Amino acid sequence: LSHFRHTEALKKYQEWENLQKQADYDTQLLSTLRQSYGEADEEVREQLAPSIIQLENKQSLSLQRCQNLLQEIRQIEMSAR
């Protein structure tokens with residue numbers, strides 16, 4: 001972390017790191033939910049479907065935000081040189 005030239009870039013990196021950890025956790029949870037969905041009867045599937053969709057949407061937004069943060073970090077670090 002000491003290689004960052006700008007404190008704003010460091011803050012954004014820490015935000016990215018936390019968001020990436022959450023996205024990784026969500027990926028594992030989605031895998032588990034999808035497996036449960038595949039093995040479940042129709043009633044349970046109806047209960048799981050909204051949770052899976054919601055988590056997929058959350059994960060998609062998180063991954064997009066991660067990409068945006070990486071671009072912002074690069075821009076800040078490039079401007080600090």
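The chain is numbered in sequence order, starting from 1. Atom set for the values below is all heavy atoms of this structure, side chains included, hydrogens, waters and symmetry mates excluded. Bear in mind the structure is a predicted one, so any value in this text is a computation, not a measurement.
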* Just do the side-chain contact (heavy atoms from CB on, under 4.5 Å) check on Glu43 and Glu46 with the steps written out, would you? => CA-CA 5 Å; Glu43 183 179 337; Glu46 288 178 15; 5.8 Å; no
* Going by atom types alone, do Asp26 and Gln22 pair a side-chain donor with an acceptor below 3.5 Å? -> yes
* Asked: Which pair of heavy atoms, one from Glu77 and one from Ala9, lies closest together, and at what distance?
  -> OE2-CB, 3.3 Å
* Asked: Restricting to pairs with a member in residues 14-36, which pass ring pair (Phe, Tyr, Trp, His ring centres under 6.0 Å), not counting sequence neighbours?
  -> Tyr13-Trp16
* Say you draw a straight line from CG of Leu55 to CG of Leu30; how long is it, rounded to the nearest 0.5 Å? -> 4.0 Å
* **SB check Lys11 Glu72 (cutoff 4.0 Å)** => no
* To do: Please report the shortest heavy-atom distance between Ser62 and Leu19, naming the atom on each side.
  => O-CD2, 3.7 Å
* Asked: Between Phe4 and Ile76, does a side-chain contact (heavy atoms from CB on, under 4.5 Å) hold up when you go through it step by step?
  -> CA-CA 10 Å; Phe4 285 100; Ile76 292 167; over 6 Å; no
* In Å and rounded to the nearest 0.5 Å, what is the CD to CD1 distance from Gln14 to Ile73? -> 9.5 Å
* Asked: Out of curiosity, Gln20 CD to Thr27 OG1, how far, rounded to the nearest 0.5 Å?
  -> 8.0 Å
* Structure fact -> Closest non-hydrogen contact found for Ala40 with Arg45 is O-NE, 3.3 Å
* Structure fact -> On a heavy-atom basis, the closest approach of Leu63 and Ala23 is CD2-CB, 3.8 Å
* Asked: Would you call Arg34 and Glu56 a salt bridge, taking side-chain N to carboxylate O under 4.0 Å as the test?
  -> yes
* Establish, from distance only, whether the side-chain atoms of Asp24 and Gln28 form a donor-acceptor pair under 3.5 Å. => no
* Would you sort out whether Glu8 and Lys12 count as a side-chain contact (heavy atoms from CB on, under 4.5 Å), showing the intermediate values? => CA-CA 6 Å; Glu8 185 180 352; Lys12 287 191 180 285; 3.6 Å; yes
* Asked: How far does CZ of Arg74 sit from OG of Ser79, to the nearest 0.5 angstrom?
  -> 14.0 Å
* Would you say Gln47 has more than 12 foreign heavy atoms packed within less than 6.0 Å of its CD? -> yes
